[in-house]
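What follows is a set of notes on a single structure, which appears directly below.
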Amino acid sequence: MIHLTTNVDDQIVLKVVNSLCDVLKISLPQAADEFGDYMNNVYLQKFYKIFYKKANSAKEFLLKMDSVHVAMTNDLPDAKPPRFEYEWKNDKTLIMKYKSSRGLIDFMVGLTKGVGKFYKENIKVTKLGNDKVEIVFP
Ligand code: HEM
């Protein structure tokens with residue numbers, strides 16, 4: 001999500017985030033929710049508004065996230081974009097499988113909640129483990 005032109009070591013980023021949580025006395029999921037809100041509703045609106053304009057709902061937007069991450073990191077030599085697989089449990093319930101070596105599932109949850117807020121939809125986002133998120137659309 002970062003306006004990336006260079007690669008930053010994953011372990012260093014995680015250490016900084018964890019220290020920040022200690023100092024602020026908040027949990028990692030709380031920090032990730034704030035981050036997801038800020039990214040979708042402030043930061044990405046400055047640089048990547050077009051992606052939000054091209055989708056009319058949270059569902060449409062989320063279903064594009066796998067190809068968007070691949071496309072966005074095509075010309076970053078060391079990038080390892082997260083990949084997403086989609087599976088419908090029923091007509092309102094989507095399982096998004098998160099495939100990444102980084103283990104940032106809490107951020108995936110926070111970012112997904114932020115998408116719901118952007119589209120003003122009351123979606124329910126639940127972590128189902130370290131590689132799966134369930135999203136219930138209204
Ligand atoms: C237009 C919106 C978005 C853009 C342009 C974007 C772009 C990016 C880019 C360039 C990276 C860095 C990849 C790398 O270094 O390999 C990244 C990381 C990430 N993105 Fe997004 N992103 C967007 C929205 C989202 C949303 C809505 C989600 C959640 C469903 C999400 C989940 C993640 C996660 C979890 C990472 C961390 C890397 C990892 O887990 O391996 N992003 N994104």
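In each ligand, atom 1 is the first atom listed, and ligand 1 is the first ligand listed. These numbers come from the heavy atoms of this one structure, side chains and all, not from hydrogens, waters or symmetry mates. The shown structure was predicted, so the numbers you read here are calculated from the model rather than taken from an experiment. Along the sequence shown, the residues carry numbers beginning at 1.
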Step by step, work out the side-chain contact (heavy atoms from CB on, under 4.5 Å) result for Glu85 and Met96. CA-CA 6 Å; Glu85 282 171 13; Met96 255 175 101; over 6 Å; no

Please report the C-alpha distance between Arg83 and Ser100 in whole Å, then the side-chain angles of each, then the deciding distance to 0.1 Å, and finally whether the side-chain contact (heavy atoms from CB on, under 4.5 Å) criterion is met. CA-CA 7 Å; Arg83 299 295 309 264; Ser100 163; over 6 Å; no

Could you label the plane-to-plane angle of the Phe61 and Tyr52 rings as parallel, tilted or perpendicular, counting under 30° as parallel and over 60° as perpendicular? parallel

When you look at Lys80 and Arg102, which way does the side-chain contact (heavy atoms from CB on, under 4.5 Å) test go after all the steps? CA-CA 9 Å; Lys80 298 169 283 178; Arg102 295 193 177 107; 4.0 Å; yes

Give the atom numbers and elements of ligand 1 that come within less than 4.0 Å of a heavy atom of Pro81. 16 (O)

Of Gly103, Pro82, Ala55, the residue with the heavy atom nearest atom 34 (C) of ligand 1 is Pro82

State whether the shortest distance between N or O atoms of Ser100 and N or O atoms of ligand 1 falls below 3.5 angstrom. yes

With sequence neighbours excluded, give me every side-chain hydrogen bond (donor to acceptor under 3.5 Å, both in side chains) pair touching residues 15-29. Ser27-Gln30

Between His69 and ligand 1, find which residue part has any heavy-atom pair under 4.0 Å and reply side chain, backbone, both or neither. side chain

So which pairs with a foot in residues 104-119 pass side-chain hydrogen bond (donor to acceptor under 3.5 Å, both in side chains), sequence neighbours left out? Asp33-Lys113, Asp37-Lys117, Asp106-Lys127

Backbone, side chain, both or neither: what part of Leu76 comes under 4.0 angstrom of ligand 1, heavy atoms only? neither

For atom 26 (C) of ligand 1, tell me which residue out of Met39, Lys113, Lys54, Met65 has the closest non-hydrogen atom. Met65

Using a strict 4.0 Å cut-off to heavy atoms of Ala79, name the atoms of ligand 1 that fall inside it. 16 (O)

Ranking Asp106, Val133, Val115 by closest non-hydrogen atom to atom 27 (C) of ligand 1, top hit is Val115

Would you call Glu87 and Lys97 a salt bridge, using N to O less than 4.0 angstrom? no

Just jot down the ligand 1 atoms closer than 4.0 angstrom to any heavy atom of Phe51, in number order. 1 (C)

Tell me whether Tyr98 reaches ligand 1 (any heavy atom closer than 4.0 angstrom to a ligand atom). yes

Before giving the answer on side-chain contact (heavy atoms from CB on, under 4.5 Å), spell out for Val133 and Leu128 the whole-Å C-alpha distance, their side-chain angles and the decisive distance to 0.1 Å. CA-CA 5 Å; Val133 172; Leu128 293 186; over 6 Å; no

Using a 4.0 Å cutoff against the non-hydrogen atoms of Thr112, which atoms of ligand 1 qualify? 29 (C), 30 (C)

Classify the contact between Phe107 and ligand 1 as side chain, backbone, both or neither, using a heavy-atom distance cut-off of under 4.0 Å. neither

Could you tell me whether some N/O pair between Thr73 and ligand 1 is separated by less than 3.5 angstrom? no

Would Lys92 count as a cation-pi partner of Phe137, with NZ or CZ less than 6.0 Å from the six-membered ring centre and within 45° of the ring normal? no

Proximity winner for atom 14 (C) of ligand 1, if only heavy atoms of Arg102, Met108, Met72 are counted: Arg102

Run the numbers for me: atoms of ligand 1, each under 4.0 Å from some heavy atom of Leu104, listed by number. 37 (C), 40 (O)

Sub-3.5 Å donor-acceptor pair from the side chain of Ser67 to the main-chain atoms of Lys64, do we have one? yes

